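Everything on this sheet refers to the single structure shown next.
Everything numeric here is computed off the predicted structure, so don't read it as measured data. Atoms within each ligand, like the ligands themselves, are counted from 1 in listed order.
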Amino acid sequence: MNYFLTEEQEMIKELAARIADEKIAPVALEYDHEGKFPHDIMQYLAQSDLCGVYIEEKYGGLGGGVFEMALVVEELSRACGGIALAFAGTGLGAFPIILFGSEDQKQKYLPDIASGKKLAAFGLTEADAGSDAAGIRTTAVLDGDSYVLNGTKQWITNGGEADIYTVVACTNRSKGARGFSAFIVEKGTPGFSFGKKEDKMGIRASCTRELIFEDCRIPKENLLAREGMGFIVAMKTLDRTRPGVAAQALGIATGAFNAALKYSRERVQFGQTISSFQAVQHMLADMAIQIEASRCLVYQTCRHVDSGAKDISKESAMAKVMASDTAMKVTVDAVQIMGGYGYMREYPVEKMMRDAKITQIYEGTNQIQRNVIALELIKQASKV
Ligand code: COS
C-alpha cells in the first residue's frame, strides 16, 4: 500500500528499518531474556539523528511530529517492542516539554533529548492511580523558590535510565483534577531515587521502575505551564503519544506476521508446505487485513494529530485500540501457525506475543480508550 510518505519520512523509515534489521533483530532475544537495557541501540539511533525526529529543528531535532515518531517506533518494534520503548518512552517524557515548556525549558532540555545524549520519562501512574489518573497522591508544595515533592510513582518506563522526568503531582487536593501540576525533575536531584527494577512478562529490554520522592526540592522554574494544569498536561500528552503505542503494536504485529509467513513457506507437513493449506492461508490473510487496516488508521491519525486539529482524543484512542488488539490477535495466530516452534523461547514470536500484551494496557487500558471514544461520540452527537 502506498502511504504517500514524504521523501524525508521515507528516509526516516528506512534508517529505522536498517537499525531494526541489522542491530536490533540479532540481539532482541538476548536482551529480552537478560532484561538488558539497549544503551548501544540508543547510540545507533543518536548517530543516525533519529532521537529528535519529533523535536523542532531550533532545538536540534528533525522538525517532524507524531507521525515521524510513529514511523521510527513501528520499524524498531518490528524487531523488538521492548528495545523500541527506550525511544518511545523518551517521547512520552519529552512531549509535556514540547507542548507546555517555556522557551527556557525547551532550550534547556530538548537539545539533549534530540541528540540522544539524554533519555526522558513520564511519571503519572501510582500504586492507587492507574486508569483513575485523577487519584494520584504525590504532592508538590511551594516553599520559597522551590517545590518540595513527596510520593511514589509506579511502573515508570525508562525509570532510572532517563535523566529528565516529567512528573505530575498534586498542588491543591481540594481542586480535584484542577489541583494537579506538572514538573520537570532531573535525575540526581537530592530526595529523588528509584525503586527496584520490575520483572515483566514482556518488553523486558525496557526498564520499568518506581520514582521515589522524599522531600525532593526542585526549582520553582521547573513547573510546566501553570499550577493546576497538570491533568491537562498529562491528557494532552497522552493524546499525542497513544498513536506511538499504536505504532509499537503495529510493528510487533508486522514482525510476527513476517515470521509466520516465512515459516509457513518452509515448514513441510503431509508432503507440502503448510502455506498450501487453506486453513493457514486464511489465517495469514486475516492477519494481513488487520495489520493493513491498523496501519491505515494509525498513519491517518498521526497526520490528523500533526495537522494541529483540536479534537484528537477519540482518533488517538481508536488508533491505539485497533492496533493493540490487532497485535494481540496477530501474535497469538503467529504462534499458532508456528505450532511447537512458535511456543519455544528460541523463536521470536513467543516474545512478540508477550510484548504485544502491554500495548492493550499502558498509556490507558483499551477499556479506558473505549470510554474516551464513547464519551466523545456522545458529546459530538449532542451538539448536532
Ligand atoms: N484533553 C484536554 N483536556 C482533557 C482531556 C484531554 N484529552 N481529557 C480530560 N480533560 C479535561 C476535562 O475536560 C476536565 O476538565 P474540566 O475540569 O475543565 O471539566 C478535566 O480534564 C477532567 O477530566 P475528566 O472529568 O474526564 O477526568 P476523569 O477523572 O474522569 O478521567 C480519564 C478521565 C479516564 C480519560 C483519564 O483519567 C485517563 O485518561 N485515564 C487513563 C490514564 C492513563 O492513560 N494512564 C496511563 C499512565 S501513562 S503510561
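Shown here, atom 13 (O) of ligand 1 is out of close reach of the protein: none of its heavy atoms lies under 4.0 Å off. Distance check on atom 25 (O) of ligand 1: every protein heavy atom falls at or beyond the 4.0 Å cut-off. Protein heavy atoms come within 4.0 Å of atom 17 (O) of ligand 1.
Nearest non-hydrogen protein atom to atom 5 (C) of ligand 1 is M235 CB, 3.5 Å. The closest protein non-hydrogen atom to atom 42 (C) of ligand 1 is G130 O, 3.7 Å. Protein heavy atom in closest approach to atom 11 (C) of ligand 1: I232 CD1, 3.7 Å. From the protein, the heavy atom lying nearest to atom 19 (O) of ligand 1 is R178 NH2, 4.4 Å. Taking atom 48 (S) of ligand 1 as the reference point, the nearest protein heavy-atom neighbour is L238 CD2, 4.0 Å.
Taking a 4.0 Å cut-off on heavy atoms, Y362 fails to register as neighbouring ligand 1. The closest approach between a heavy atom of G176 and any atom of ligand 1 is not below 4.0 Å.
Of the listed options N371, V372, L375, V372 places a heavy atom closest to atom 35 (C) of ligand 1.
Atom numbering of ligand 1 starts at 1 in the shown order; those under 4.0 Å from a heavy atom of E363 are 44 (O), 46 (C), 49 (S). In the vicinity of D239, heavy-atom distances shorter than 4.0 Å reach the ligand 1 atoms 1 (N), 6 (C), 7 (N). Distances below 4.0 Å separate heavy atoms of G364 from the following atoms of ligand 1: 43 (C), 44 (O), 45 (N), 46 (C). Heavy-atom contacts of S313 reach the following atoms of ligand 1: 7 (N) (cutoff under 4.0 Å). The distance from ligand 1 to the heavy atoms of T125 drops below 4.0 Å at these ligand atoms: 47 (C).
Contacts with ligand 1 closer than 4.0 Å are made by side-chain heavy atoms of A134 only, the backbone lying farther away. The part of S131 lying near ligand 1 is the backbone, judged by heavy-atom distances below 4.0 Å. Under 4.0 angstrom from ligand 1, there are no non-hydrogen atoms of Q369.
Residues D199 and R204 are paired through a salt bridge, judged by an N-O separation under 4.0 Å between the basic side chain and the carboxylate.
Side chains of Q9 and Y299: a donor-acceptor N/O pair is absent below 3.5 angstrom, by distance only. A side-chain donor-acceptor contact under 3.5 Å links D239 and S313.
Relative ring orientation between F231 and F180 is described as tilted, the plane-to-plane angle lying within the 30° to 60° band.
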